[in-house]
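Quantities reported herein were computed from a predicted structural model and do not represent experimental measurements. In what follows, residues are counted from 1 in the order of the sequence shown.
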Amino acid sequence: PNDAGEHGRLLRLKQEYLFVSAGIYSLLDTFEKEHGENWELLPQFVAIHTNDTHPAMSIPELIRLLMAEGIDFDRAFAITRSVFSYTNHTVMPEALEKWPVSLMRSLLPRQFQIIEEIDRRWRESFDQSVPGWHDRQQATAVIGGGFVRMANLSVIGGHSVNGVAKLHTEILKNTVLRDFYAIAPEKFNNKTNGVSHRRFLLQSNPGLSRYIAERVGDGWIEQPEKLEGLLAYADDTESLRELAKVKLAAKKNLCDYIARDFGIACNPDGVIDVQVKRIHAYKRQLLNAFKILALYDRLKDDPYAKVPASTFVFAGKAAHSYAFAKESIRFVCAVADLVNADPVVSRRMKVVFMENFGVTMGQRIYPAADISEQISLASKEASGTGNMKFMLNGALTLGTMDGANVEIAELVG
């Protein structure tokens, strides 16, 4: 390697290959124990779904291993395409990996030979009598501009391509993968993301789960559409009063946790406004922080201004080399220090960045939220799943009409 950046890329490519290779080895070993060396049957019993392009090296790896079993390239590639499908989770560049040809050729020479053969056959498949064939070929080829384009490999190497929300899938068809869609529209389909209500409602929020069961029974645990039975109580004063008690108990639980682990005293009677997700420019944690600063300035100018008592909660992780995201965390923490130390403003507002966010912490946060911040830049949030977890727990979504927010709004308002 010539520099630290190149060394980092080499290590990452090596890691990605080793992970997918181990997975494919294990998968084929299990298949052989159950079905023998009947590799033609592989697509009947095995489906490999690649999440974005990070595991795309599994395509040439499966071809390599099948060829090692004596299967010719044509048949190995046909089996592989029947086994693989590809989910695109985001249109952001980090999920559309490109690896330098020089790096891949030196580190994984046999796999690169297979990729070259896939690329050659793909290029030769174009009908040169069709207008625009050359531009379309260049846009969809696996190898181009000195790079191996893993998204193109994922589409060509599988039988199905899907987005993760209706709007996102249409964006893929019309922008990022439009040339592939023009060639093979039958490959494209939508699979809107989902979450388990048994994890993020039943387990995370026992108080709300009991409240629901008392009104619609426990059938919703296996059939979540039965939650619609709650509509009968939308105007029932006593039920709404009980629901407010359930929410307040969850908010007190979160405030106790924040006080104990982060040393910040929050007001459970105020609004709990939450943005927890990966830290990224397009998710706009910075915009949320600017809003908090605007409220801070308003209260500094007029301590009696009509600003509701609020606790602003942030959590999430930054990619290890994503400097902007790390600086965003630093900025949010600086805002928190400013607000929480102010003798006047801190009586009305608190800000907390909860470290080391994960599912366990999320299960404390989702039940307590009043407002779910889903303010990603429009067209950039493929689906989102935090939006679902918050709404399952009765938070209001403040967000752009993007990704799964569109479908949630259509379904539940």
Side-chain angles (χ1 to χ4, degrees), residues 12-32 39-89 94-101 103-125 137 139-144 147-163 172 176-177 179-181 183-184 186-189 191:
R12 185 158 155 246
L13 177 58
K14 192 172 184 180
Q15 283 179 331
E16 288 191 8
Y17 168 69
L18 290 174
F19 276 126
V20 301
S21 181
I24 298 293
Y25 263 104
S26 175
L27 183 150
L28 293 181
D29 182 58
T30 300
F31 176 86
E32 189 172 7
W39 303 113
E40 299 285 343
L41 298 179
L42 196 65
Q44 295 182 34
F45 295 95
V46 171
I48 302 176
H49 209 84
T50 57
N51 279 338
D52 282 326
T53 56
H54 315 303
M57 282 303 298
S58 51
I59 292 169
E61 181 67 358
L62 179 56
I63 294 172
R64 181 183 76 83
L65 292 172
L66 289 173
M67 292 180 71
E69 295 293 328
I71 299 174
D72 63 49
F73 183 93
D74 286 334
R75 194 65 205 134
F77 189 32
I79 292 171
T80 297
R81 294 182 82 172
S82 296
V83 165
F84 274 92
S85 52
Y86 164 52
T87 293
N88 176 285
H89 281 272
E94 57 261 34
L96 302 169
E97 289 186 333
K98 296 190 295 185
W99 291 104
V101 165
L103 181 65
M104 189 172 288
R105 181 188 281 126
S106 63
L107 185 65
L108 302 168
R110 179 60 181 140
Q111 288 75 11
F112 181 71
Q113 283 182 331
I114 293 169
I115 291 171
E116 281 188 307
E117 183 62 15
I118 293 171
D119 180 69
R120 183 187 69 79
R121 291 174 181 233
W122 176 256
R123 289 173 180 272
E124 290 183 354
S125 70
Q137 180 202 66
T140 58
V142 178
I143 301 173
F147 289 91
V148 178
R149 299 182 287 199
M150 306 304 274
N152 292 5
L153 176 62
S154 298
V155 176
I156 294 168
H159 64 276
S160 173
V161 180
N162 74 276
L172 292 181
V176 179
L177 301 177
D179 290 295
F180 281 114
Y181 181 66
I183 294 167
E186 71 281 357
K187 260 192 179 185
F188 285 74
N189 59 92
K191 301 285 188 297

- Task: Please name all residues satisfying ring pair (Phe, Tyr, Trp, His ring centres under 6.0 Å) with Trp122, sequence neighbours left out, ordered by chain then number.
- Result: Phe126, Phe180
- Note on the structure: Hits for side chain to side chain donor-acceptor pair (under 3.5 Å) against Gln113, two or more places apart or cross-chain, chain-then-number order -> Arg110
- Taking atom CD1 of Ile79 and atom CH2 of Trp39, what is their separation to the nearest 0.5 Å? 9.5 Å
- Message: Please check: side-chain N/O of Lys187 versus main-chain N/O of Gly158, any donor-acceptor pairing under 3.5 Å?
- Response: yes
- Message: Restricting to salt bridge (Lys or Arg N to Asp or Glu O under 4.0 Å), what partner residues turn up for Asp72, sequence neighbours left out?
- Response: none
- Query: Are any non-hydrogen side-chain atoms of Leu62 and Leu27 less than 4.5 angstrom apart?
  - Reply: no
- Message: Measuring only between side-chain heavy atoms, which start at C-beta, is Met104 closer than 4.5 Å to Gln111?
- Response: no
- Locate the shortest heavy-atom distance separating Ser160 from Asn189; write the atom from each residue and the value. OG-ND2, 2.9 Å
- Distance from Asn51 atom CG to Tyr86 atom OH, nearest 0.5 Å? 10.0 Å
- Task: Kindly compute the distance separating CD (Gln15) from CG (Leu13), expressed to the nearest 0.5 Å.
- Result: 10.0 Å
- Hey, does Leu108 have a side-chain heavy atom less than 4.5 Å from the side chain of Met57? yes
- Please answer whether the main-chain N or O of Ala139 pairs with a side-chain N or O of Asn152 as donor and acceptor at a distance below 3.5 Å. yes
- Query: Applying ring-ring contact (aromatic ring centres under 6.0 Å, His included), which residue pairs with at least one partner in residues 40-69 are found, sequence neighbours left out?
  - Reply: His35-Phe45
- Which residues pass the ring pair (Phe, Tyr, Trp, His ring centres under 6.0 Å) test with Phe19, sequence neighbours left out? none
- Asn88 versus Ser154: any side-chain heavy-atom pair under 4.5 Å? no
- Phe77 vs Ile114 side-chain heavy atoms within contact, under 4.5 Å: no
- Sequence-distant partners of Arg81, salt bridge (Lys or Arg N to Asp or Glu O under 4.0 Å), two or more places apart: none
- Message: Do Pro100 and Phe147 have side chains that approach each other closer than 4.5 Å (heavy atoms only, starting at C-beta)?
- Response: yes
- Query: Hey, what do you get for OH (Tyr17) to CD (Glu61), rounding to the nearest 0.5 Å?
  - Reply: 3.5 Å
- State whether the side chain of Asp179 and the backbone N or O of Thr140 hold a donor-acceptor pair below 3.5 Å, judged by distance alone. no
- Task: Provide the closest heavy-atom pair for Glu97 versus Glu94 in the form atom of the first, atom of the second, distance.
- Result: CG-O, 3.9 Å
- Message: Rounded to the nearest 0.5 Å, what separates atom CD1 in Ile115 from atom CD1 in Ile156?
- Response: 11.0 Å
- Whether Lys14 side chain and Leu107 backbone form a donor-acceptor pair below 3.5 Å: no
- Task: Using salt bridge (Lys or Arg N to Asp or Glu O under 4.0 Å) as the criterion, list what pairs up with Asp119, not counting sequence neighbours.
- Result: Arg123
- Task: List the atom of Thr50, the atom of Pro55, and the distance in Å for their closest heavy-atom pair.
- Result: CB-CG, 3.9 Å
- Query: Can you name the residues that form a side chain to side chain donor-acceptor pair (under 3.5 Å) with His159, not counting sequence neighbours?
  - Reply: none
- Item | Under the ring pair (Phe, Tyr, Trp, His ring centres under 6.0 Å) test, residues paired with Tyr181 that sit two or more places apart | Phe188
- Task: Using a strict cut-off of less than 4.0 Å between a Lys/Arg side-chain nitrogen and an Asp/Glu carboxylate oxygen, indicate whether Arg12 and Glu16 qualify as a salt bridge.
- Result: yes
- Query: What pair of heavy atoms forms the shortest contact from Ala56 to Pro60, and how long is it?
  - Reply: O-CD, 3.5 Å
- Item | Separation between CD of Glu69 and CG of Leu28, rounded to the nearest 0.5 Å | 8.0 Å
- For Glu186, check salt bridge (Lys or Arg N to Asp or Glu O under 4.0 Å) against everything at least two apart and list the hits. none
- Gln137: partners by side chain to side chain donor-acceptor pair (under 3.5 Å), with sequence neighbours left out: none
- Check the pair Ser85 / Asn162 against side chain to side chain donor-acceptor pair (under 3.5 Å), numbers first and verdict last. CA-CA 8 Å; Ser85 52; Asn162 74 276; over 6 Å; no
- Taking only Lys NZ, Arg NE, NH1 and NH2, and the carboxylate oxygens of Asp or Glu, determine whether Glu124 and Arg121 approach each other closer than 4.0 Å. no
- Task: Would you check if Ile59 and Ile48 make a side-chain contact, meaning some heavy-atom pair closer than 4.5 Å?
- Result: no
- Item | Partners meeting side chain to side chain donor-acceptor pair (under 3.5 Å) with Arg75 (sequence neighbours left out) | Glu40
- Which pair of non-hydrogen atoms, one from Arg149 and one from Ala141, has the smallest distance, and what is that distance? NH2-O, 2.9 Å
